Every structure is written in C-alpha cells, then in structure tokens.
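What follows is one structure encoded as structure tokens, with my remarks underneath.
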Amino acid sequence: MEIDDFVVAPRSKRALRRYKDKDLYETVEEVFDTETVMAVYYLMRRGIIDRLYGVVSSGKEARVYWAKKGNEDLAVKIYLTSTAEFKKGMMKYILGDPRFENISRRSTKQLIYAWTRKEFRNLKRLYKIGVRVPKPIFVFKNILVMEFIGKDGIRAPLLKEVANNLELDELERILDIVLRYIRLAYCEARLVHADLSEYNIMVYNDEPVIIDVSQAIDINHPNAQDFLLHDIATILRFFEKLGLKVPLVKEVYELVVNTCKKRN
Ligand SMILES: Nc1ncnc2c1ncn2[C@@H]1O[C@H](COP(=O)(O)OP(=O)(O)OP(=O)(O)O)[C@@H](O)[C@H]1O
Ligand SMILES: [Mg+2]
C-alpha cells in the first residue's frame, strides 16, 4: 500500500488498536517513527481529528495530509523528525531568536517539536490580527493541525499555479492584499514571514492565503530587516514578471517600517 492511498478511520479504542497493525502503521511507518504514529493516534483519541486521508504534499521537511473532523476538512502537517538537512535549513532562522535559547543543547527531535510549536504560534499571531492564514487548531509534538485550504480534499492552488490565468487587475488586487498582509504582520503581529513567495501563497475563493510560517521571525531578530526586504523583493519581482507595474522594493519597505514607527 502506498502512503498516498491510506485512509484511517478508527471509531473506537478497540478499532484503533486493530488499525495499529494495519493501514496507518504500515504506511506511515515508512516515513515516520513510532512516536509520530502514536502522536497521530493521540490526536484521534483526543477527538482533534477523526480520519486521516492521503497526502496533499510531501516536501523535504514535512508532509501535509488531508484529515477530517466530522464534516470539517483539516490539514495535518507532520514534520519529519530525522533529517539532518532540516536542522541545517532551520538554523539561520533560529540563531538569534530569543525564543530558541539553548537550542544547540537540545536533540534534533526536541528542536523539531519546538519548530512545530513555533509555526503554530506564528499562525496564531497572524490569524489573530487578520492576516489570512490557515486557522491554527492544535499542535502536538511534530504535528500541526490547521484549517484545510481547499475543498473535499483538493487543496487550493498556489499563487504560482494560477497566476498565469489571472487578469492584470485581478493580480493587482492580490498584490495589494499581500503587501497589506506584509505590513499587518510586521506592525501588528511583529513578524516577518522570511520565506514569502508565490510558492507559499495559496489562492482560495479568489483571496490569497499565506502559508508555511514556521520560519517567520520576530521583527527584533537581528536579520529581520534583511528578510523583510527579501520577502518584498521576491513578491514584487514575481508580479512584475507577470506584466504588472510594481512599486520599488525600497518604497514598499519604507512604507511598512514607517507606518509602524508612527503608530508605536
Ligand atoms: N492548510 C493547508 N490546506 C491545504 N493545503 C495545504 C495547507 N498547508 C499546506 N498545504 C499544501 O502543502 C504544501 C506544503 O506546505 P508548506 O509550504 O507549509 O510546507 P513545506 O514544508 O514548505 O513544504 P514545501 O517544501 O513543499 O514547500 C503547500 O504548498 C500546499 O500545497
Ligand atoms: Mg512551502
């Protein structure tokens, strides 16, 4: 059985035990350690999710699954706990972040759990102040449960995937919203996304949804300004290539930073 095929729906504790040796265990085992599989069961026992369906996306560091709680679609992002590459990739964001003190003394697993909690906290901060992100629901170990962006298990497209089919005025509207979100995140949530691009924005019901906020950093992080400039530049470049007239990076940057200064 392929991991992409599995469907798990234990209804009772006994059924849960039966499933242990079947679908979920066999399939998830290939990718995840026992602790992760047990963590999925914990979420089912707690009633956070009822069923876990197939993979929506499998990246280097995490897999995203479609899940259900009653009639509600959910997205379950599970970080892989055994990649050295992951640690390397995270370090540039973690070093200098006061929320990650003493991190070098922690094991990789603990580091990944902290990383998962960080994504959850960042989602909460952004959601609260009105940046459209998947609504955060629950976090446990290396598993993050959030609102599913899409319908009936079909995820919404990434900005990268739909941009070519959109009219210029539609693109302009989306760019405006994304720039507003950058400013809101910076001023109100005091966060810089730090990996913002057409790959980390979904388009759902004609609205941009910002995803993948694990690496988002506090505006007091020593590299926050560089990351902010980089985010703005990436976004503007993408829209410019599609034929849109865009403002200068520096202009947008100053607008973001100065609007906040005035208010604080
Ligand atoms: N809440 C969600 N609802 C639906 N699909 C989602 C959701 N979050 C993420 N996805 C899908 O999963 C993919 C990977 O998610 P995300 O970008 O958060 O993880 P990642 O670790 O950066 O993976 P990648 O390296 O593939 O970008 C997204 O590109 C998107 O297609
Ligand atoms: Mg991503």
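Note that ligands are numbered from 1 as they come in the structure, with each ligand's atoms numbered from 1 the same way. Values in this document were obtained by computation on a predicted structure and should not be read as measured data. Nothing fancy with the numbering, it's 1 onward along the sequence.
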Of the protein's non-hydrogen atoms, which lies at the shortest distance from atom 22 (O) of ligand 1, and what is that distance?
D212 OD2, 2.4 Å

Give a yes or no answer on whether the side chain of H230 reaches the backbone of L196 with a donor-acceptor pair at less than 3.5 Å.
no

Donor-acceptor pair, side chain of K69 and main chain of G47, under 3.5 angstrom:
yes

What's the shortest distance from atom 24 (P) of ligand 1 to any protein heavy atom, and which residue and atom give it?
G59 CA, 4.6 Å

Residue and atom name of the nearest protein heavy atom (relative to atom 5 (N) of ligand 1), distance in Å to one decimal
M202 CE, 3.6 Å

Please indicate, with yes or no, if any protein heavy atom is found under 4.0 Å from atom 8 (N) of ligand 1?
yes

May I ask you to check whether N122 and S214 show a side-chain donor-acceptor distance below 3.5 Å?
no

Just checking F140 against Y42, ring centres under 6.0 Å apart?
yes

What's within reach of the Mg ion (ligand 2), meaning protein N/O/S atoms under 2.8 Å?
N200 OD1, D212 OD2

R183 side chain to Y181 side chain, donor-acceptor N/O pair below 3.5 angstrom
no

Can you spot which of T36, T116, T81 makes a side chain to side chain donor-acceptor pair (under 3.5 Å) with N142?
T36

Under a 3.5 Å distance rule, please check whether D152 uses its side chain to pair with a backbone N or O of I154 as donor and acceptor.
no

Protein residue, atom and distance nearest to atom 3 (N) of ligand 1, heavy-atom basis:
I149 N, 2.8 Å

Report the nearest protein non-hydrogen atom to atom 2 (C) of ligand 1: residue, atom name, distance rounded to 0.1 Å.
A75 CB, 3.6 Å

Is the side chain of E147 donor-acceptor paired with the backbone N or O of A75 at a distance under 3.5 Å, no angle test?
no

Counting heavy atoms only, which of S57, P136, A62 is nearest atom 26 (O) of ligand 1?
S57

Numbered atoms of ligand 1 (with element) below 4.0 Å of P134, judged on heavy atoms:
1 (N)

Ranking Q215, K160, R155 by closest non-hydrogen atom to atom 11 (C) of ligand 1, top hit is R155

Considering non-hydrogen atoms of the protein only, which is the closest contact for atom 29 (O) of ligand 1, and what is the distance?
L158 CD2, 3.5 Å

Got a donor-acceptor contact below 3.5 angstrom from the N200 side chain to the D212 backbone?
no

What atoms in ligand 1 come closer than 4.0 Å to a heavy atom of N200?
17 (O)

Kindly say whether D206 contributes a backbone atom to a donor-acceptor pair with the side chain of R173 at under 3.5 angstrom?
yes

Given 3.5 Å as the limit, does a donor-acceptor pair link the side chain of E188 with the main chain of A185, or not?
no

With the threshold set at 4.0 Å, does a side-chain nitrogen-carboxylate oxygen contact exist between E207 and R132?
no

Check ligand 1 against M146 and write out every atom of the ligand that is under 4.0 Å from a heavy-atom position of the residue.
1 (N), 8 (N)

Are the side chains of I201 and I174 in touch, meaning some heavy atoms are under 4.5 Å apart?
no

Counting from 1, what ligand 1 atoms have a heavy atom of E147 closer than 4.0 Å?
1 (N), 2 (C), 3 (N)

So which heavy atom in the protein is nearest atom 15 (O) of ligand 1, and how far is it from that ligand atom?
V64 CG2, 3.7 Å

closest protein heavy atom to atom 19 (O) of ligand 1 is K77 NZ, 3.2 Å

